[in-house]
Amino acid sequence: MRRIALCLIAAQLLLVGCATNPVTGRSELAFVSTAQEISIGEEQYEPSRQMQGGDYVVEPSVTAYVQEVGQRVAAKSDRPLPYEFHVLNSSVPNAWALPGGKIAINRGLLTELDSEAELAAVLGHEVVHAAARHGAKSMERGMLVQGALLAVAVTAADNDFAPLIVGGAQVGAQLITTAYGRGAELESDLYGMQYMAEAGYNPQAAVQLQETFVRLSDGRQSDWLSGLFATHPPAQERVERNEETAVQLGDIGDFGRDRYLAAMKPLLDTEEAYAAYDKGVAALHNGDARSAASLARQALAIEPREAKFHELLGDVETANKRPDVALDHYNEAVSLNPEYFQSYLKRGNVHNSIGNFAAARSDLERSVAMLPTASAYNSLGIIARQDGRDSQAKEYFQAAASSDSDVGRAAGLALVEMDLPSNPQQYVQTGIRLNDDGMVVVITVNRAPVPVTNIRGNVVVLDPSGQRVQVREPFTVSRSLDPKESAGVVTGLGPVSDSSQLSRVRIELTGAQVAR
């Protein structure tokens, strides 16, 4: 993330200039180069797909079909980019594009579309977002560099780990959850319809699609509002603009409804299974493990090849405190989909809980390689600390502590516990003053996020040349200090008649510990 941020800052400082937008033909400032867009998209594509449910792998023909339609539309783009298309295993109806042409569409949106032309309209819209540099423009406005990564709300209905994403993956999380402005949405509708028409699809499908979106939005269906509408808000204006564009383009091309329904048959046949799974996830979240298990088995009876259904049973057994049974289910989930981080993370945490530290470490490292999360880093820190690898443990806890979550706070506490005794100056601020009797008083302030006690140090005096004088006055703050609380300790140094002499007094902390 730091490298990307520095890259963007350098671009702003050194590469400011005018360029012609390849889609609109308008002259505009361009701070982020095409090479940078492609690089960011490539770096963020996999972790972004992971955090949004992972790739749908049960029926590869579905993804192959979407990729065929996507490439057919992308071939008409005004901007040649390395376009890629993936289907994500999420019931949330959504689609998004990263800079550089990396595009994803959710399983939950595919089951709501009615024709190949509607699919082409969705993918064409996302192609324009990439081709017209809408994501790059967001970065250029400073949405990432200015600290918008501090809090990221990631839409992933079946992903409990979304709020725990840390590190560079937060860049992708910000990009795919950023709502485009009215102008960008209208622009993507207009040129996306042109692309789909040139690719042989009837542009009227884009009108029908927006009419459906507006109807669902007015009905306030929560599943839709949490997905596509969050970043692509529908509006009657978009319907009317699309109608005007469709008239201009003419009644050309086909809808491909039969082809679409045939290609989507695997998803439509198993839609009931995923609905049961989604209900099971919600039931377990509400503490109803029995219902969750029943719903997971219903889902598996319809589609036994879906890893997430086995994973849900593992979650149920973890909640029931039967780790050995949970591991069986997680093993099955990993075998069915070895390219999804969440099964490794959950299996690794179970291994960790029962003392299988080598297996836990392997699984957690695999999950972090796919998507860095505070949960995985915190568990890796615990294992490293138990193994005596203190330096590595601190690095893991530091990474986890960057998450504003319960896990992040627990990791922060562990980091302080390890680091405070040998590095007290990082957590305790000190100062000096004179009391009414002229004696030197040491002031200590706890800057750690946890209570601190047994703060120890020395008061050292320097001579006028700055050399250390052999005068040391040890001090101890034995009581517990809460975060931001201060305490004063009267030392035996003094009396001092001239307060200016305090400039030659130094405080050296020698230790402290977390109060329990």
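Since the model is a prediction, treat every value here as computed from it, not as a measurement.
- Under a cut-off of 6.0 angstrom, the local environment of CD in Glu272 is sparse, with at most 12 non-hydrogen atoms contributed by other residues, nucleotides or ligands.
- In this structure Ala121 satisfies the side chain to side chain contact (heavy atoms under 4.5 Å, CB included) test together with Met196, Ala206, Leu209, sequence neighbours excluded.
- For Ala333, the side chain to side chain contact (heavy atoms under 4.5 Å, CB included) test picks out Ala307, His310, Glu311, Ser343, with sequence neighbours left out.
- The minimum heavy-atom distance linking Ala293 with Leu313 is given by the pair O-CD2, 3.9 Å.
- Looking only at side-chain heavy atoms (C-beta outward), Phe397 and Asn378 come within less than 4.5 Å of each other.
- For Tyr195 (side chain) and Asp78 (main-chain N/O), a donor-acceptor pair under 3.5 Å exists by modelled atom type.
- Taking 4.5 Å as the limit, every side-chain heavy atom of Glu332 sits out of range of all side-chain heavy atoms of Asp328.
- Taking Glu187 as the reference, Arg26, His134 meet the side chain to side chain donor-acceptor pair (under 3.5 Å) condition, with sequence neighbours excluded.
- Under a 3.5 Å cut-off, the side chain of Ser379 and the backbone N or O of Ala376 do not form any donor-acceptor pair.
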Kindly indicate, with the supporting measurements, whether the criterion side-chain hydrogen bond (donor to acceptor under 3.5 Å, both in side chains) is fulfilled by Glu211 and Asn242. CA-CA 10 Å; Glu211 288 176 337; Asn242 283 6; over 6 Å; no
Is there a side-chain contact (heavy atoms from CB on, under 4.5 Å) between Ile103 and Val127? Walk through the geometry before answering. CA-CA 8 Å; Ile103 294 166; Val127 164; 3.7 Å; yes
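- Sequence neighbours left out, the pairs with a member in residues 283-304 that pass salt bridge (charged side-chain N to carboxylate O under 4.0 Å, His left out) are Glu303-Arg305.
- Proximity of Asn94 to Ile176: side-chain heavy atoms (C-beta onward) are nowhere separated by under 4.5 Å.
- Of all heavy-atom pairs spanning Ile252 and Ala197, the tightest one is CD1-CB, 4.1 Å.
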What's the verdict on side-chain contact (heavy atoms from CB on, under 4.5 Å) for Leu312 and Lys308, showing C-alpha distance, side-chain angles and the deciding distance? CA-CA 6 Å; Leu312 177 55; Lys308 286 191 175 183; over 6 Å; no
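- A search for side chain to side chain donor-acceptor pair (under 3.5 Å) contacts involving Asn202 returns Asp251, not counting sequence neighbours.
- Minimum heavy-atom separation, Pro82 to Ile38: CD-CD1, 3.9 Å.
- At least one side-chain heavy atom of Glu237 sits under 4.5 Å from a side-chain heavy atom of Leu186.
- Checked by atom type, the side-chain pair Tyr330/Thr318 shows a donor-acceptor distance below 3.5 Å.
- Between Arg72 and Glu116, at least one side-chain N (NZ, or NE/NH1/NH2) sits under 4.0 Å from a carboxylate O, which counts as a salt bridge.
- The line from CE of Met370 to OH of Tyr344 is 5.0 Å long, rounded to the nearest 0.5 Å.
- Taken from CG in Leu371 to OH in Tyr340, the straight-line distance is 8.5 Å, to the nearest 0.5 Å.
- Not one N or O on the side chain of Asn352 forms a donor-acceptor pair closer than 3.5 Å with the backbone of Gly348.
- Side-chain atoms of Asp55 and Leu88, non-hydrogen and from C-beta on, do get closer than 4.5 Å to each other.
- In Asp258, the CG atom is not crowded: 12 or fewer heavy atoms of neighbouring residues, nucleotides or ligands sit closer than 6.0 Å.
- Evaluated for a side chain to side chain contact (heavy atoms under 4.5 Å, CB included) with Ile40, the options Glu43, Gln44, Glu42 yield exactly one hit, Gln44.
- Between Pro99 and Val32, every side-chain heavy-atom pair lies at or beyond the 4.5 Å cut-off.
- The closest side-chain heavy-atom distance from His351 to Pro323 is not below 4.5 Å.
- Listed for the Ser362 side chain is no donor-acceptor partner under 3.5 Å among the backbone atoms of Ala359.
- If you take CD on Gln208 and CD on Glu118, they are separated by 6.0 Å, rounding to the nearest 0.5 Å.
- When the side chain to side chain contact (heavy atoms under 4.5 Å, CB included) test is applied to Asp269, the partners found at least two apart in sequence or on another chain are Lys265.
- The side chain to side chain donor-acceptor pair (under 3.5 Å) test applied to Ser48 returns no partner, not counting sequence neighbours.
- The line from OG of Ser90 to CD1 of Ile105 is 11.5 Å long, rounded to the nearest 0.5 Å.
- Scanning all heavy atoms of the two residues, the minimum distance from Asn106 to Val92 falls at ND2-O, 2.8 Å.
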Between Glu59 and Thr270, does the side-chain contact (heavy atoms from CB on, under 4.5 Å) criterion hold? Intermediate values first, please. CA-CA 11 Å; Glu59 192 55 65; Thr270 57; over 6 Å; no
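- Within the model, atoms CD of Glu68 and CZ of Phe85 stand 12.0 Å from one another, a figure rounded to the nearest 0.5 Å.
- Partners of Tyr260 according to the ring-ring contact (aromatic ring centres under 6.0 Å, His included) rule, which considers only residues two or more places apart in sequence or in another chain, do not exist here.
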Check the pair Arg361 / Leu380 against side-chain contact (heavy atoms from CB on, under 4.5 Å), numbers first and verdict last. CA-CA 6 Å; Arg361 182 179 177 184; Leu380 284 168; 4.1 Å; yes
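- The main-chain N or O of Glu339 is found under 3.5 Å from a side-chain atom of Gln50 such that the two form a donor-acceptor pair.
- Residues forming a ring-ring contact (aromatic ring centres under 6.0 Å, His included) with Tyr274 (at least two apart in sequence, or on another chain): Phe309.
- Salt bridge absent: Arg366 and Asp363 never bring a charged side-chain N and a carboxylate O closer than 4.0 Å.
- Ser91 has its side chain within reach of Arg107: a pair of non-hydrogen atoms, C-beta onward, lies under 4.5 Å apart.
- Across all non-hydrogen atoms, the minimal contact from Ala326 to Gly314 is CB-O, 3.5 Å.
- Sorted by first then second residue, the ring pair (Phe, Tyr, Trp, His ring centres under 6.0 Å) pairs that include residues 51-83, not counting sequence neighbours, number zero.
- For the pair Ser367 (side chain) and Leu364 (backbone), a donor-acceptor distance under 3.5 Å is present.
- Here the NZ-CD distance, from Lys102 to Glu46, works out to 12.0 Å after rounding to the nearest 0.5 Å.
- Judged as a salt bridge (Lys or Arg N to Asp or Glu O under 4.0 Å), and not counting sequence neighbours, Glu244 has no contacts.
- Here the closest heavy-atom approach between residue Val166 and residue Ala399 is recorded as CG1-O, 3.8 Å.
- In this structure His125 satisfies the side chain to side chain contact (heavy atoms under 4.5 Å, CB included) test together with His129, Glu185, Ser188, Asp189, His232, Arg238, sequence neighbours excluded.
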